[in-house]
Amino acid sequence: MIGTVRAGRMEGNRVQVVVGAGWILKLAGLVDPAAREMVEMQYQWQRPFVLDSTAATVAFGLKPTATDDALREMIGKGK
């Protein structure tokens with residue numbers, strides 16, 4: 001979600017985020033497969049989701065790409 005908000009702002013759009021009760025998503029999941037999957041992934045939005053690239057950097061020499069740089073590249077490919 002943070003990436004979506006940042007990408008929208010980079011494009012000069014006003015981005016609005018709406019927070020709803022978890023039970024509403026669970027109810028929607030009874031009839032909508034996408035909502036059902038979102039229920040399983042809610043943990044990513046309920047507490048900080050931290051990614052650590054140390055192992056990949058040590059093993060393969062890969063460097064992480066800054067979020068804003070990755071978003072700029074993706075936005076550019078969409079045009």
Side-chain angles (χ1 to χ4, degrees):
M1 178 170 314
I2 291 172
T4 303
V5 172
R6 286 169 105 172
R9 289 183 180 157
M10 286 178 164
E11 287 288 286
N13 298 319
R14 182 173 177 267
V15 179
Q16 182 176 356
V17 177
V18 178
V19 178
W23 66 268
I24 294 173
L25 194 56
K26 288 179 184 177
L27 184 63
L30 295 174
V31 295
D32 182 12
R36 194 172 319 131
E37 295 296 324
M38 284 188 257
V39 170
E40 288 185 28
M41 304 307 289
Q42 274 187 314
Y43 73 93
Q44 293 184 354
W45 314 113
Q46 294 171 339
R47 56 189 167 272
F49 190 74
V50 179
L51 300 175
D52 181 3
S53 64
T54 304
T57 300
V58 170
F60 306 110
L62 302 173
K63 296 179 189 173
T65 302
T67 302
D68 287 347
D69 294 341
L71 288 171
R72 275 190 210 92
E73 182 177 339
M74 294 302 295
I75 291 168
K77 288 183 178 182
K79 292 183 178 180

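Predicted model, so just to flag it, every value in this text is computed and none were measured.
Partners of Asp68 under the salt bridge (Lys or Arg N to Asp or Glu O under 4.0 Å) rule, at least two apart in sequence or in another chain, are Arg6. Scored by the salt bridge (Lys or Arg N to Asp or Glu O under 4.0 Å) test, Arg36 finds no partners at all (sequence neighbours excluded).
Here the straight-line distance linking atom CG of Leu27 with atom CG of Asp32 works out to 11.0 Å at 0.5 Å rounding.
Tracing side-chain contacts under 4.5 Å through hydrophobic residues (I, L, V, M, F, W, Y), one never reaches Tyr43 starting from Val50; they form parts of separate clusters. In the hydrophobic clustering of this structure, Met38 does not group with Met41; members are Ile, Leu, Val, Met, Phe, Trp, Tyr whose side-chain heavy atoms approach within less than 4.5 Å, directly or through other members. Under the 4.5 Å side-chain heavy-atom criterion for grouping Ile, Leu, Val, Met, Phe, Trp and Tyr, Leu30 is not connected to Val39 through any hydrophobic cluster.
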Pair up each side-chain donor or acceptor in residues 56-64 with any protein partner under 3.5 Å, not counting sequence neighbours, and list the distances.
residue, atom, partner, partner atom, Å
Thr57, OG1, Ser53, O, 3.0
Thr57, OG1, Leu62, O, 2.8

